[in-house]
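Here the structure is laid out as structure tokens; the discussion comes afterwards.
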Amino acid sequence: MSEEKSLNFLEEIIENDIKSGLHNGRVHTRFPPEPNGYLHIGHASSICLNFGLAKKYNGKCNLRFDDTNPSTEEAEYVNSIKSDIEWLGFQWHKELYTSDYFEQLHDYAVTLIKKGLAYVDDSTAEQMASMKGTLNTPGTDSPFRSRSIEENLTLFAEMRAGKYKDGEKTLRAKIDMAHPNLLLRDPLMYRIKHEHHHRSGDKWCIYPMYDFAHGQSDSIEEVTHSICTLEFIHHRPLYNWFIEKLEIFPSKQYEFARRNLTYTVMSKRKLLQLVNDKHVNGWNDPRMPTISGMRRRGYPAEAIRNFADTIGVAKRENIVDLGLLEFCVREHLNKVTNRVMAVLDPIKLVLTNYPDGQTEVFEAENNPEDPASGSREIPFEKELWIERDDFMEEAPKKYFRLAPGKMVRLKSAYIIQCDSFEKDADGNVTTVYCTYLPESRSGNDTSGLKVKGTIHWVSVAHAHTAEARLYDRLFSVSDPANEDGDFKDYINPDSLRTISTIYIEPELSKAKNGDKVQFMRNGYFCVDSDSTPDKLIFNRTVTLRDNWAKEQKKA
RNA sequence: AGUUCGAUGGUGUAACGGUAGCACCACAGACUCUGACUCUGUUAGUCUAGGUUCGAAUCCUAGUCGGACUACCA
């Protein structure tokens with residue numbers, strides 16, 4: 001019972017806060033996406049963190065759409081974000097929008113103007129940039145910095161009323177143009193944008209900047225722990241400055257390092273390029289690191305949550321091995337998927353001593369990891385499809401499969417011995433001839449034989465067909481964003497291999513969209529949404545571990 | 001260069017002044033009607049230099065290396 005689970009740094013902060021009675025021990029977090037794109041695995045980490053922390057400490061987690069920029073945001077994204085979060089298995093306390101606070105935020109701005117802490121600036125963006133100074137040199141005050149409170153009030157009201165064009169005026173906080181933190185050199189609070197907003201419509205033509213919206217929104221919702229990624233750490237003094245000057249609920253911001261993954265890219269800009277340049281087929285392409293892509297790929301939500309849990313949270317730079325995600329995926333799929341037989345690269349196997357036209361039905365366990373999964377029936381005949389890889393003319397020493405003179409077991413059926421084979425004009429093996437041992441029948445094997453190899457098969461007469469899409473990592477280098485040149489030069493040309501016809505056991509033809517199975521000795525697959533009633537399409541989620549492949553590579 | 005955050009095996013993460021642990025990967029073996037799963041074992045780490053201390057991954061000082069910040073984006 002007393003197994004002390006170590007805490008991450010955020011849990012430590014929260015537990016200390018609870019201990020000290022801060023906000024009466026109340027914990028309230030939020031997940032604040034901007035509805036301008038699709039969620040990816042990085043967001044998944046943040047979701048698991050924010051919702052997970054709330055759950056662990058009996059708190060609440062809001063979903064807040066940070067929609068302060070009408071130029072980039074669309075309702076379409078709101079829906080995809082919501083369904084991604086739900087699919088991950090989380091339920092938000094409230095669905096909220098920063099745009100719902102526009103009136104309140106405006107009033108906060110007026111408050112600051114009245115306190116002499118904000119002013120309307122007529123400078124252009126270029127002028128402002130030139131007065132900003134640099135990392136090493138202080139900035140200079142704007143000529144409009146000393147406008148009177150009354151004038152600022154009037155001007156700001158006129159800005160709101162639509163008297164000015166985009167870019168003509170801004171509202172700025174009056175802090176310190178020489179501050180070493182550039183964000184505190186009189187940051188913009190409001191800009192003019194005569195644009196239609198996906199929720200507030202045309203009611204507003206001035207929109208708050210992130211820095212003037214985020215902390216106050218947290219505060220309005222009485223969020224206790226506002227958790228964001230490390231690149232916002234420089235914003236924290238500003239976050240606190242607004243809350244302090246406004247004298248509102250003191251939400252606190254904490255930062256963690258965003259999680260990176262090998263063999264992919266995560267920035268919205270890069271992902272957008274992949275989509276626009278058609279390197280992938282949309283945001284939910286199974287190769288994309290988006291939540292919708294991973295869902296379509298067949299990654300279970302449980303696996304993603306487990307992954308987020310396993311990699312934890314810290315403040316140091318990191319790049320997590322994709323292999324760890326795949327491990328989590330396999331770990332879960334192993335427990336829940338039924339085993340089925342499918343032949344992806346077929347050659348024909350003929351059992352010369354098996355009666356023509358005879359059919360036998362074998363019963364096969366669905367999932368040895370889960371006794372409750374039951375069993376199914378598989379028809380067996382004289383002619384079977386087997387995997388090309390499972391036969392070799394000349395077998396190397398540790399090859400446990402078919403070769404002239406060698407024996408294997410046909411999974412759930414008989415032990416067979418290879419006698420001969422046929423090749424076509426190009427030298428490709430077309431047919432393998434074997435004899436079966438009737439007394440080795442699965443379930444009541446009296447042969448006394450032990451064979452090292454077991455292979456899967458599908459009856460030629462009963463096989464159904466399907467398409468398989470074999471996905472592999474999107475990039476051929478582990479950190480494409482940090483290579484020389486364009487990251488797109490490092491796209492893996494073999495990230496998708498389509499096999500138009502594979503043979504599947506009859507039972508599998510009943511599979512429905514989204515179903516997940518294990519193709520025995522091959523990998524985990526799921527039914528793709530492109531499937532039609534007369535054509536099933538299987539996505540390869542992830543391969544099985546393959547020690548034989550490693551063995552071969554060494555040789 | 002200024003500010004700021006960080007540095008523990010190949011990767012991710014613990015150890016809160018007192019035995020450097022866990023997971024993934026890799027490797028070796030056992031088991032196997034999936035070369036899967038499972039099980040056992042092995043390799044491998046505290047950025048550097050000083051200091052404080054009986055004792056330092058942990059505290060202090062200096063350095064090194066890496067990241068972030070100069071959008072009317074979030």
Side-chain angles (χ1 to χ4, degrees), chain A residues 5-8 12 32-34 36 66-69 71-73 121 123-125 128-129 132-139 166-172 179-183 185 188-193 207 209-211 213-214 228-237 255 257 259 262 268 307 310-328 330-331 334-335 339 341 364-365 368-369 398-401 408-415 440 442-443 445 450-456 478 518-523 543-552:
Chain A
K5 190 81 172 6
S6 57
L7 303 177
N8 65 48
E12 259 174 45
E34 182 187 11
N36 72 342
D66 215 347
D67 54 352
T68 58
N69 184 358
S71 318
T72 57
E73 295 149 9
D121 196 329
S123 306
T124 63
M128 245 152 67
K132 179 138 196 173
T134 68
L135 293 172
N136 304 307
T137 57
D166 288 9
E168 222 177 311
K169 285 183 166 44
T170 55
L171 183 71
R172 293 227 261 169
H179 201 284
N181 180 343
L182 299 266
L183 284 164
R185 320 244 261 226
L188 252 52
M189 293 163 58
Y190 271 92
R191 77 284 217 193
I192 299 171
K193 272 179 186 270
Y207 291 93
M209 301 291 290
Y210 166 85
D211 284 308
H214 203 96
C228 62
T229 48
L230 225 37
E231 63 265 32
F232 288 98
I233 198 162
H234 304 278
H235 295 247
R236 190 170 60 202
E255 310 85 11
R259 326 312 298 186
T262 55
K268 210 167 274 180
F307 173 68
T310 304
I311 62 179
V313 56
K315 298 182 82 161
R316 63 185 88 110
E317 304 307 313
N318 62 82
I319 177 156
V320 184
D321 195 334
L322 177 63
L324 182 55
L325 211 207
E326 294 182 335
F327 166 80
C328 293
R330 289 191 189 102
E331 186 186 39
N334 176 51
K335 285 184 275 195
R339 274 57 171 168
M341 296 205 278
E365 213 176 5
E369 305 285 326
K398 283 163 135 177
Y399 189 75
F400 304 148
R401 309 176 189 180
V408 298
R409 171 171 295 278
L410 293 172
K411 177 70 187 174
S412 300
Y414 298 103
I415 291 176
S440 67
S442 189
D445 183 347
K450 278 224 159 48
V451 292
K452 197 82 176 137
T454 299
I455 67 173
H456 60 279
S478 75
Q518 183 197 95
F519 286 3
M520 280 210 151
R521 302 207 305 135
N522 198 318
T543 60
L544 253 29
R545 284 188 59 194
D546 189 351
N547 278 320
W548 169 241
K550 278 185 220 159
E551 190 76 29
Q552 282 175 303

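What you see below is based on every heavy atom in this structure, not just the backbone, and it leaves out hydrogens, waters and symmetry mates. To find a chain, count down the sequence lines: A is the first, B the second, and so on, and within it residues start at 1.
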What N/O pairs connect the protein and nucleotides 68-74 of chain B at under 3.5 Å? Give each pair on its own line.
| residue | atom | partner | partner atom | Å |
| --- | --- | --- | --- | --- |
| B:rA68 | N3 | A:His234 | NE2 | 2.9 |
| B:rC72 | N4 | A:Ser123 | O | 3.2 |
| B:rC72 | N4 | A:Ala125 | N | 3.3 |
| B:rC72 | N4 | A:Gly167 | O | 2.9 |
| B:rC73 | OP2 | A:Arg191 | NE | 2.9 |
| B:rC73 | OP2 | A:Arg191 | NH2 | 2.7 |
| B:rC73 | O3' | A:Arg191 | NH2 | 3.1 |
| B:rC73 | O2' | A:Asn69 | ND2 | 3.1 |
| B:rA74 | OP1 | A:Thr68 | OG1 | 2.6 |
| B:rA74 | OP1 | A:Arg191 | NH1 | 3.3 |
| B:rA74 | OP1 | A:Arg191 | NH2 | 2.8 |
| B:rA74 | OP2 | A:Tyr210 | N | 3.0 |
| B:rA74 | O4' | A:Glu34 | OE1 | 3.4 |
| B:rA74 | O3' | A:Asp66 | OD2 | 3.1 |
| B:rA74 | N6 | A:His235 | NE2 | 3.2 |

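- Going from the C1' atom of B:rA23 to that of B:rG45 covers 15 Å, rounded to whole Å.
- Two residues are said to be in side-chain contact when any heavy atoms from C-beta on lie closer than 4.5 Å; A:Glu34 and A:Asn69 meet this criterion.
- Aromatic ring centroids of A:Tyr399 and A:Trp548 lie under 6.0 Å apart.
- Put simply, the side chain of A:Pro237 does not reach to within 4.5 Å of the side chain of A:Leu183, judged on heavy atoms.
- Take A:Asp546 and apply the salt bridge (Lys or Arg N to Asp or Glu O under 4.0 Å) test, not counting sequence neighbours, and it matches no residue.
- Within the 4.0 angstrom heavy-atom criterion, only backbone atoms of the sugar-phosphate kind lie near A:Val313; the bases stay farther away.
- Contact check for A:Glu73 versus A:Asp66: no side-chain heavy atoms found under the 4.5 Å cut-off.
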Legend entry - Bracket string, RNA chain B, 5' to 3' - pairs by Watson-Crick or G-U geometry under 3.5 Å, | interstrand: .((((((..((((....[..)))).(((((.......)))))....(((((..]....))))))))))).....
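- Scanning for side chain to side chain donor-acceptor pair (under 3.5 Å) contacts around A:Asp166 gives an empty result, with sequence neighbours left out.
- For B:rG35, the base has no donor-acceptor partner in the side chain of A:Arg521 [N/O atoms by modelled type, under 3.5 angstrom].
- Residues that satisfy the salt bridge (Lys or Arg N to Asp or Glu O under 4.0 Å) test with A:Lys411, not counting sequence neighbours, are absent from this structure.
- Between B:rC47 and A:Arg316, no contact under 4.0 Å exists linking OP1 or OP2 to a side-chain N or O.
- Look at the P atom in both B:rA44 and B:rC5: the space between them is 36 Å, to the nearest Å.
- A:Tyr207 does not carry A:Lys193 over the face of its six-membered ring by the limits of under 6.0 Å from the centre and within 45° of the normal.
- Both A:Arg409 and A:Lys315 lie close to RNA chain B; mapped to their nearest nucleotides by heavy-atom distance, the more 5′-ward contact belongs to A:Lys315.
- On the P atoms, B:rC69 is 36 Å away from B:rG50, given to the nearest whole Å.
- A:Phe232 and A:Tyr210 have tilted rings, their planes meeting at an angle from 30° to 60° on a 0 to 90° scale.
- When side chains are defined from C-beta on, A:Thr310 counts as touching A:Leu324, because their heavy atoms get closer than 4.5 Å.
- Between B:rU48 and B:rA56, the two C1' atoms lie 15 Å apart (nearest whole Å).
- Taking atom P in both B:rU32 and B:rU46, the straight-line distance is 41 Å, to the nearest Å.
- Between A:Val320 and A:Ser440, the one whose closest nucleotide on RNA chain B sits nearer the 5' end is A:Val320.
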Detail all sub-3.5 Å separations between protein N/O atoms and N/O atoms belonging to nucleotides 36-40 of chain B.
| residue | atom | partner | partner atom | Å |
| --- | --- | --- | --- | --- |
| B:rA36 | OP1 | A:Asn547 | ND2 | 2.2 |
| B:rC37 | O2' | A:Asn334 | ND2 | 3.0 |
| B:rC37 | O2' | A:Glu369 | OE2 | 3.1 |

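- At a threshold of 4.0 angstrom between heavy atoms, the contacts of A:Lys550 are confined to the sugar-phosphate backbone, with no base atom among them.
- A distance-only check finds no donor-acceptor pair linking the side chain of A:Arg339 to the backbone of A:Gln518 [under 3.5 Å].
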